[in-house]
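Here the structure is laid out as structure tokens; the discussion comes afterwards.
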Amino acid sequence: MSNLQIAKILRQVAASYAIKNEAKYRFQIIAYQRAADAIEGSNLEIEELFKENKLEFLPGVGPSIRAHLEDLLTKGKVKHFEWVMFGVPKSVYPLLDVPTFGPKKAYRLVKEFSLQDPKSVISDIEKLAKQGKIAKLEGFGEKSQEDILRAISEFRLGIGKTSRMVLPYAFEAAEKLVGYLKASQHVVKAVPLGSLRRMMSTVGDIDIAVATNKPKDVISHFVSYPYKERIIEKGEATASILVSGGRQIDLMTQAPQGFGSLLQHFTGSKNHNIHLREYALSKGLSLSEYGIKKKTKSGKSTMVQVPTEEEFYQKLNMTWIPPELREDKGEIELAISHKLPKLVEQTDIKGDLHIHSSFAIDPSHDLGKNSIEEMVSQAKKLKYEYIGLSEHNPSISKHNSGQIYSLIARRNENIEQIKSSTKNIRIFKLLEIDILSNGKLAVDHKSLSILDGAIVSIHSSFAMSRDKMTKRVIHGLSHPKAKILAHPTGRLINQRVGYELDFDKIFDFCKKNNKALEINSWPTRLDLPDTLIMEAVKNNIKLVVNTDSHAVWQMDLMKYGVAMARRGWAKKNDILNTLGYNDFNEWLKM
DNA sequence: GCCGTTTTCGGCCCGACTGTTTTCAGTCG
């Protein structure tokens with residue numbers, strides 16, 4: 001059962017509680033929703049966590065829900081869930097997927113019109129709305145009837161449910177909008193926040209905060225955005241629009257002197273904010289996007305505004321928390337005790353080791369677009385100390401091992417020539433080598449011996465059992481020259497989930513044998529994912545941040561890999577390519 | 001039902017916006 005399916009069931013339980021007695025089950029509803037959020041947002045498969053007895057490490061899943069999940073995954077049903085859902089027509093649940101429908105509205109309409117069939121309930125409601133029957137109900141009207149019709153039609157078109165954007169695309173979209181907003185003279189500052197600022201690997205909505213003394217003017221400028229499809233809502237301080245492609249953009253405004261609290265609020269994450277606000281409450285403070293409210297002895301409350309985010313956290317006696325950490329994974333406690341780790345920064349990176357040039361090595365996979373010289377020259381521009389050339393190995397179906405050897409040797413000679421005429425940068429002779437389905441490398445020992453090291457990776461036969469795949473990878477990493485496992489999960493964001501690996505075993509092997517895992521910066525890879533980076537860091541596994549560049553411009557993607565490292569709480573000393581040339585070279589030989 | 005830098009009991013974030021309403025319910029972030 002997938003994470004999404006499990007989360008959906010938990011949301012149905014929450015909705016059922018809400019339908020039965022919202023007041024009575026208020027906290028159960030929150031608990032089930034929070035558990036659903038946690039499961040949906042986890043990159044790790046719940047089914048696997050369950051098998052490994054690690055469900056308890058999932059925040060928001062306590063003893064009760066954990067026991068229910070165990071029943072769900074072993075028996076396929078849960079007595080307690082059946083009890084909660086008893087009496088709620090099954091036709092309520094499909095409606096919950098349609099925006100603007102919550103448990104109350106869905107239940108009300110299902111009951112009012114005796115709609116029993118979950119398969120047809122959405123079109124049944126659409127028909128009723130078209131017949132004007134919904135507007136006649138008490139509490140409904142023409143406008144809500146129209147809203148329902150639009151929501152259903154947009155739901156059918158997939159608007160709002162479109163796949164989440166990869167980071168660079170989201171940056172581009174946000175930049176375009178910020179540029180447009182800044183054309184208004186009333187905009188003092190405009191900053192993209194939300195998951196984009198936290199550098200999540202994918203971004204759903206684009207959130208933008210504006211500092212202004214004229215919120216009304218800014219909002220009317222915002223909703224006149226030329227690429228707008230429609231206005232979702234428009235108020236005194238905030239507004240939301242839908243742009244082409246079905247993407248939502250949310251805007252919040254705040255006076256410049258209170259902008260710090262808006263930055264904090266709108267950056268999130270939701271769970272970070274909830275935890276922070278609960279902590280503040282225990283100190284007698286109430287937090288919101290407007291500032292910090294303090295109750296005085298007379299019972300009145302005063303509001304303190306803060307212009308910067310640093311001051312916001314400072315007023316709570318906490319260290320400022322980097323946005324990448326704001327996921328409620330322990331950062332608040334550490335900020336209170338001023339013990340947050342110092343995260344790795346892009347300027348710490350001394351070299352990029354996963355570089356594909358256009359050298360005619362006749363590779364098994366795609367060749368780079370630019371020459372070795374061009375890639376090296378770009379590395380110099382980026383102020384790197386070293387670069388690793390790591391084209392794919394020569395195709396094994398087209399060449400025998402002797403031919404493979406001479407292709408690699410020719411590339412090495414080419415590198416040597418460039419080395420002799422190049423100053424201020426060192427070059428490693430690497431290669432990205434396929435781990436074949438039997439675990440052997442696609443290049444033999446003799447060819448490996450003329451390399452400084454090898455990056456190994458999986459590019460075929462993805463559908464393998466977890467056990468077999470783990471053995472395959474470990475076998476591939478066993479050669480002394482194989483030092484780095486590239487894009488370890490094989491995932492492609494929005495395209496495929498990747499293969500299954502037992503990371504406990506991989507970590508163990510890497511630690512004992514001085515191997516490193518790659519954090520691949522390619523926007524649709526971002527692999528390792530942040531949650532696994534966090535695990536790796538906890539286990540003291542060495543990591544390398546690479547771009548996997550196939551062209552000069554792609555070497556700028558390093559920032560995304562570093563962002564993932566930071567989201568995984570990696571410090572400078574967790575990342576091997578922050579080492580100077582000599583130290584890195586030493587490690588390669590280990 | 002979850003959770004712990006005042007707590008293993010007793011709390012539980014805070015607000016915007018819309019539609020249908022003369023004061024609020026529902027949904028959303």
Side-chain angles (χ1 to χ4, degrees), chain A residues 10 13-15 17-19 22-38 56 58-69 80 84 95-96 98-109 134-135 137-148 151 160 193-195 204-205 207 215 219 231-240 248-254 261-262 264-293 303 316-318 328 330 332-339:
Chain A
L10 295 179
V13 174
Y17 268 130
I19 289 164
E22 192 175 26
K24 183 175 172 190
Y25 297 117
R26 194 172 145 213
F27 297 110
Q28 280 86 344
I29 294 167
I30 293 171
Y32 273 89
Q33 281 168 345
R34 238 195 242 196
D37 286 343
E56 61 188 294
L58 213 63
V61 176
S64 224
I65 293 181
R66 184 167 72 236
H68 295 327
L69 288 181
H80 178 69
V84 179
L95 287 172
L96 300 177
V98 184
T100 79
F101 279 93
K104 297 290 180 61
K105 203 187 281 181
Y107 183 68
R108 172 89 197 281
L109 292 178
I134 289 178
L137 294 178
E138 201 191 328
F140 288 78
E142 290 293 335
K143 282 199 172 170
S144 36
Q145 183 169 270
E146 274 171 41
D147 276 351
I148 286 172
L193 301 175
S195 49
D205 301 341
D207 300 318
I219 283 168
I231 300 168
I232 296 171
E233 59 184 29
K234 170 175 174 275
E236 302 274 309
T238 76
S240 296
Q248 185 173 334
I249 301 182
D250 297 332
L251 180 86
M252 293 187 87
T253 64
Q254 180 63 245
S261 45
L262 180 61
Q264 197 289 320
H265 165 78
F266 213 14
T267 297
S269 66
K270 189 178 164 189
N271 287 334
H272 174 87
N273 285 357
I274 289 175
H275 188 164
L276 193 68
R277 287 167 183 196
E278 282 173 354
Y279 170 73
L281 271 185
S282 73
K283 301 278 171 200
L285 302 169
S286 169
L287 310 180
S288 74
E289 60 266 45
Y290 292 100
I292 301 172
K293 219 189 276 177
M303 172 74 80
L316 300 170
N317 289 320
M318 296 167 71
D328 194 22
I332 290 174
E333 289 79 0
L334 290 175
I336 292 168
S337 56
H338 303 290
K339 284 181 183 154

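Order of the sequence lines sets the chain letters (A, B, ...), proteins ahead of strands, with each chain counted from 1.
- With sequence neighbours excluded, the residues satisfying side-chain contact (heavy atoms from CB on, under 4.5 Å) with A:K24 are A:N21.
- Figure legend. B:dT8 is base-paired to no nucleotide; pairs are counted as Watson-Crick or G-U wobble with both atom distances under 3.5 Å.
- For B:dG29, the OP1/OP2 oxygens have no side-chain nitrogen or oxygen of A:S240 closer than 4.0 Å.
- B:dG29 and B:dT23: their C1' atoms are spaced 24 Å apart (whole Å).
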Report task. For each nucleotide in nucleotides 8-17 of chain B, reading 5' to 3', give B when a protein heavy atom comes within less than 4.0 Å of its base, S when such contact involves only the sugar-phosphate, and - otherwise. Result -> ----BBBSSS

Requested in this report: Step by step, work out the side chain to side chain contact (heavy atoms under 4.5 Å, CB included) result for A:K105 and A:R108.
Outcome: CA-CA 5 Å; A:K105 203 187 281 181; A:R108 172 89 197 281; 5.7 Å; no

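- The interatomic distance linking A:L69 (CG) with B:dC2 (C1') rounds to 14 Å, in whole Å.
- Nearer to the 5' terminus of DNA chain B, by closest-nucleotide assignment, is the contact made by A:P63 (compared with the other of A:L137 and A:P63).
- Put simply, CD1 on A:I332 is 13 Å from C1' on B:dG4, counting in whole angstrom units.
- Between A:L276 and A:M318 there is a side-chain heavy-atom pair separated by less than 4.5 Å.
- Whole-Å rounding puts the A:Q248 CD to B:dT27 C1' distance at 12 Å.
- Considering only side-chain atoms of A:P59, the nucleotide from B:dT20, B:dC3, B:dC2 that sits closest is B:dC3.
- Position along DNA chain B of the nearest nucleotide to A:K339 versus A:F266 favours A:K339 as the more 5'-ward residue.
- Nucleotide B:dT6 is shown with an anti base, its glycosidic torsion being more than 90° from 0.
- The same atom, P, is picked in B:dC12 and in B:dT6; the two are 15 Å apart, to the nearest Å.
- Contact between the side-chain N/O atoms of A:K283 and the OP1/OP2 oxygens of B:dT6 is found at a separation under 4.0 Å.
- When heavy atoms are screened at a 4.0 angstrom cut-off, A:G60 is found touching the sugar-phosphate backbone but no base atom.
- In this structure, A:D207 reaches neither bases nor backbone, as no heavy-atom distance under 4.0 Å exists between it and the strands shown.
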Give me, pair by pair, the N or O atoms of the protein and of nucleotides 24-26 of chain B that are less than 3.5 Å apart, along with how far apart they are.
from	atom 1	to	atom 2	distance (Å)
B:dG26	OP2	A:K104	NZ	3.2

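- B:dT5 and B:dC17 have their P atoms separated by 35 Å, given to the nearest Å.
- Take A:K104 and apply the salt bridge (charged side-chain N to carboxylate O under 4.0 Å, His left out) test, not counting sequence neighbours, and it matches A:E22.
- Contact of the A:Y107 side chain with the A:L95 side chain is not registered, since no non-hydrogen atoms from C-beta on lie closer than 4.5 Å.
- Here B:dC3 presents its C1' atom at 11 Å from CG of A:D328, a figure rounded to the nearest Å.
- The same atom, C1', is picked in B:dG26 and in B:dT20; the two are 11 Å apart, to the nearest Å.
- Side-chain contact between A:D250 and A:I232: absent, with no pair of heavy atoms (C-beta onward) separated by less than 4.5 Å.
- When heavy atoms are screened at a 4.0 angstrom cut-off, A:H80 is found touching the sugar-phosphate backbone but no base atom.
- Between A:Y17 and A:H80, the ring planes are tilted. Angles from 30° to 60° get that label.
- If you take CZ of A:F140 and C1' of B:dG19, they are 11 Å apart, rounded to a whole angstrom.
- Rounded to a whole Å, the OH atom of A:Y279 is 6 Å from the P atom of B:dT6.
- Atoms CD (A:Q28) and C1' (B:dC3) sit 14 Å apart, rounded to a whole Å.
- Taking atom P in both B:dA16 and B:dG10, the straight-line distance is 33 Å, to the nearest Å.
- Nucleotides B:dT22 and B:dG15, compared at atom C1', are 23 Å apart to the nearest Å.
- For A:I65, the side-chain atoms get nearest to B:dC2 when compared with the rest of B:dG29, B:dC2, B:dG19.
- B:dC13 and B:dT8 have their C1' atoms separated by 23 Å, given to the nearest Å.
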Could you tabulate the donor-acceptor pairs under 3.5 Å formed by side-chain atoms of residues 264-274 of chain A, not counting sequence neighbours?
from	atom 1	to	atom 2	distance (Å)
A:Q264	NE2	A:N273	OD1	3.1
A:Q264	NE2	A:Y313	OH	3.1
A:H265	ND1	A:R277	NH2	2.9
A:T267	OG1	A:R197	NH1	2.8
A:T267	OG1	A:L263	O	2.6
A:S269	OG	A:H272	N	3.2
A:S269	OG	A:R326	O	3.0
A:H272	ND1	A:E331	OE2	2.7
A:H272	NE2	A:Y313	OH	2.9
A:N273	ND2	A:H265	O	2.9

Query raised in the report: Could you go step by step and tell me if A:K234 and A:I219 meet the side chain to side chain contact (heavy atoms under 4.5 Å, CB included) rule?
Result: CA-CA 7 Å; A:K234 170 175 174 275; A:I219 283 168; 3.9 Å; yes

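- The closest side-chain heavy-atom distance from A:I148 to A:F140 is below 4.5 Å.
- When distances are taken from the side chain of A:S337 to each of B:dT5, B:dG19, B:dG1, the shortest belongs to B:dT5.
- Scanning for salt bridge (charged side-chain N to carboxylate O under 4.0 Å, His left out) contacts around A:E233 gives an empty result, with sequence neighbours left out.
- Residue A:E142 contributes atom CD, which lies 12 Å from atom P of B:dT21 at whole-angstrom precision.
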